[in-house]
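Below: the structure, in structure tokens.
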Amino acid sequence: MTKYVYLFSEADQSMRNLLGGKGANLGQMTKLGMPVPQGFTVSTEACTKYYEDGKRINDNIKAQIEDALHATEKIVGKTFGDNENPFLVSVRSGARASMPGMMDTILNLGLNDEAVEGLAKQTNNPRFAYDSYRRFITMFADVVMEIPKSNFEAIFDAKKEEKGIEEDTELEAEDLKEIVEGFKAKFAELNGKPFPQDPKEQLILAVQAVFRSWDNPRANYYRKINNIPYEWGTAVNVQAMVFGNMGDDSGTGVAFTRNPSTGEKEFYGEYLFNAQGEDVVAGIRTPKPISELEKDNPSIYKQFIEISQKLEKHYKDMQDMEFTIEKGKLYMLQTRNGKRTAQAALKIAIDMVDEGLLTEKEALLKVDPKQLDSLLHPQFDPESLKAAKVIATGLNASPGAATGRAVFTAERAAEMAAQGEPVILVRQETSPEDIEGMAVAAGVLTSRGGMTSHAAVVARGMGTCCVAGAGKVKVNEEAKYFEVDGVKYQEGDFISLDGSTGKIYGEQVKTMDATVSGDFATLMEWADKNRALKVRTNADNPRDAKVAYDFGAEGIGLCRTEHMFFEADRIMAMREMIVSKTEEERAKALAKLLPMQREDFVGLYEAMQGYPVTIRYLDPPLHEFLPNEDEEIAELAKEMGLSFEELKGTVEGLEETNPMLGHRGVRLSITYPEIARMQTRAVIEAAIEVNKKGMKVEPEIMIPLVGEVKELKYIKDIVVEVADSIIKEAGVKLNYSVGTMIEIPRAALLADEIAKEAEFFSFGTNDLTQMTFGFSRDDAGKFLADYYDKKVFNNDPFQHVDEKGVGKLMKMAVEGGRETRKDMKMGICGEHGGDPDSVHFCHDINLSYVSCSPFRVPIARLAAAHANIKNPRK
Ligand code: ADP
Ligand code: MG
Ligand code: MG
């Protein structure tokens, strides 16, 4: 019989997949002899089973839960459902990958009308008992019955107002008792049935609700952006409650072994006296810094420091811990590898190597390649910053520089971002419902909450700049403005945030490009030592090539020559070439293009300083280049000395029903070989020109959209003829090669044949994905959303290589190609080249290099190191 439930004392950190991160670590801390309130974990397999069984918990699992509950009662010395000495538990979600705040937790479960009296008597603290009960009702209603918290908050706030008090802690037992009565009435009204009094029923409903919360919209969204499979499921932890709300000798907090924002080695965190669970994170009361605990209770502080150091050594990583103090006794409620900013991640990794805690390889694995993204984004331009005026300062919750238009709701953020407007989401405080807005925002500003508030934690995880808890900023979300010192900032007004200093500017501040230096450079050096894959860039102009070179690119893997003609002064010549009806007309247009191309190639070769440069021949989906407007047609007609009607007719004749599968790539050069001639001339002449200046360029000519070896041979013969005659005429030596893209499934299937002509392969995984799935790249976005919603797909195959299908073709092509040409150079140049998961795959199938957009080069370098450390290449 499958075991679905494990006591903490049966668990350890190796059981993460089965028990989730929280459960496995509670087990591990128990094993390490730390003070952990005991309990048990219902496994992720039980979650999967719950969904398989049509969203119900079967009797077998219920029985195992009951057994574990009895075992826990023995350890704790209390009985669940006993009204004299009530045994209360928390019910906590916990998946394999940490998803902070995405799913739900219920505290104080087991309370009912009688038990609350018993608890009051037994602790001699009715205030505490009723405070616990009102919290339980709120959480239970919210999580299990999906009754919004706001219903209860309204009652709670009304009471505070009636009493004329500010702090929750000022409420007395009688007040809380009345509040509980109000809550219960509200619950019955909205639920149609009274609040459930049977603790066992409460427990099963709660476990079920946690399983259900795995499928709530915010969890689904979080998983999608973090590429976490839906199939994993969540575990549920049922744990004996300890109480931080028993008075001023009790409290609760969170702490990090190092500063998650800067990486500084300092004990870091916040806590609140006389409070429970969520109070710290929710930003309801402003917590105290953990350093004050040293004054408030030195012996607990010392014990906590010892535990946290032990945990950091044990996990060899910065820890993020939750703790509660009940009547002067410390309990550990959670530990996990802490989320951190990219800067902090680098500093911590490097410091831990210095401290002898990690090897370089281990340290590399501690930095998530995706996170580097935030370091590659622009910083404030110092000059522009000097001139800007600081209107307020908040906490430097997540670093980076952001400038954008103020918006006050997540929906508005998404709308404006979709229109290409940079936005800054301004809220009193954020909640999990806001994450979509946070994900698209350049920055997040809140007026309430601390360094561990939702806004701060989530923004750091996303690499989004965040300034939190800026008290001076009075936010009016409904009226869509905020006010500082009497000045109003409306929706749409530009503001800027410095997440590293916490400064807020009421204007647009110019930004500038990032550089790789300091800790970042050190880590990149280590990555380079440890990787087998080379990293190139996709660049169509010298400016991008230069950026990529500075980020460590070792060549250009893809230069899309058609992109060189998007610019206004060139598009005319390009259009002329496309609409030319005679060879003569086309020759004229091509003659205009030749010098431009040559000049571009010179620029690219120079930017790459002798590294290989792969030039892909023209591959324009025609519709992207044809003139659409009558005005444009008229202009072109004039330029070419044609009548408007004549040209319009030609343009219409060129229109295709399905341009993605149309007359492009190699097909175009087969019809018009003079295009390949012109491009060869430009490639070779440019190489000869720069080599004269002492460089050693060996151009790689790449023919797109080949599906049949004869297509390639036809063009290759022309390329070789033109190139060799130019080289001969110039009287120089120049090596060049001719290869192809593998982007049509047929080419992958026949790679061994194609390799007879192709000297290298480059996987064009955008087209390969499009054609393998039969999804139009231009249209798939519209319907793929339904695929994610309905769990048909976990994620976008255009972002992460579909290893199963597309990957199978790739493997086949690698093997086929190398059968014919043993050491054949092979790379990838689709968007996937910068996606860490896909880089892994490329390493595993033995590609020679990945090529990605310039800003992804450092990400790919680190991802390639990760891949080689985990799966070393012989
Ligand atoms: P999250 O994953 O959102 O952090 P948790 O399950 O960790 O949710 O719980 C939320 C809060 O409740 C935390 O502050 C935690 O410390 C507190 N909490 C959870 N279980 C207990 C317990 N058994 N006793 C006291 N506090 C608890
Ligand atoms: Mg937690
Ligand atoms: Mg393509």
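Both ligands and their constituent atoms are indexed starting at 1 by order of listing. Values below: all heavy atoms of this structure, side chains included; hydrogens, waters and symmetry mates excluded. All residue numbers in this chain count up from 1 along the given sequence.
A cation-pi geometry, defined here as NZ or CZ lying under 6.0 Å from the six-membered ring centre and within 45° of its normal, holds between K3 and Y6. For the pair R223 and W232, the cation does not sit on the ring face, since its NZ or CZ is not both under 6.0 Å from the ring centre and inside 45° of the axis.
With the Mg ion (ligand 2) as vertex, Q334 OE1 and E322 OE1 subtend 70°, rounded to 10°.
When ring centroids are compared, F267 and F304 come within the 6.0 Å threshold.
A side chain to side chain contact (heavy atoms under 4.5 Å, CB included) with R340 is found for exactly one of T262, D320, D317, namely D317.
Inclusion of T105 in the set of residues having an N or O under 3.5 Å from an N or O of ligand 1 is warranted. At least one N/O-N/O distance between K22 and ligand 1 falls below 3.5 Å. The distance criterion of under 3.5 Å between nitrogen or oxygen atoms is met by R92 with respect to ligand 1. Between T252 and ligand 1, not a single N/O pair is under 3.5 Å apart.
Not a single heavy atom of P37 sits under 4.0 Å from any atom of ligand 1.
Residue contact annotation: T105 places no N/O/S atom under 2.8 Å from the Mg ion (ligand 2).
Sorted by first and then second residue, the pairs that involve residues 39-48 and meet side-chain hydrogen bond (donor to acceptor under 3.5 Å, both in side chains), not counting sequence neighbours, are T41-N237. Every pair passing ring pair (Phe, Tyr, Trp, His ring centres under 6.0 Å) that includes a residue from residues 97-151 is listed here, sequence neighbours excluded: F128-F243, F136-F140, F136-F195, F140-F195.
The atoms of ligand 1 that sit less than 4.0 Å from any heavy atom of E322 are 4 (O), 7 (O), 13 (C), 14 (O), 15 (C), 16 (O).
Residue contacts with ligand 1 for Q239 involve both N, CA, C or O and side-chain atoms from C-beta outward (heavy atoms, distance under 4.0 Å). Contacts between Q276 and ligand 1, counted as non-hydrogen atom pairs separated by less than 4.0 Å, are absent for every part of the residue. Looking at V242 against ligand 1, both its backbone and its side chain come within 4.0 Å, counting heavy atoms.
The two residues N245 and Q276 have their closest heavy-atom pair at OD1-NE2, 3.7 Å.
For the residues L333, D320, L107, the heavy atom positioned nearest atom 12 (O) of ligand 1 is part of L107.
Classified by interplanar angle (parallel below 30°, tilted 30° to 60°, perpendicular above 60°), the ring pair Y271/F323 is tilted.
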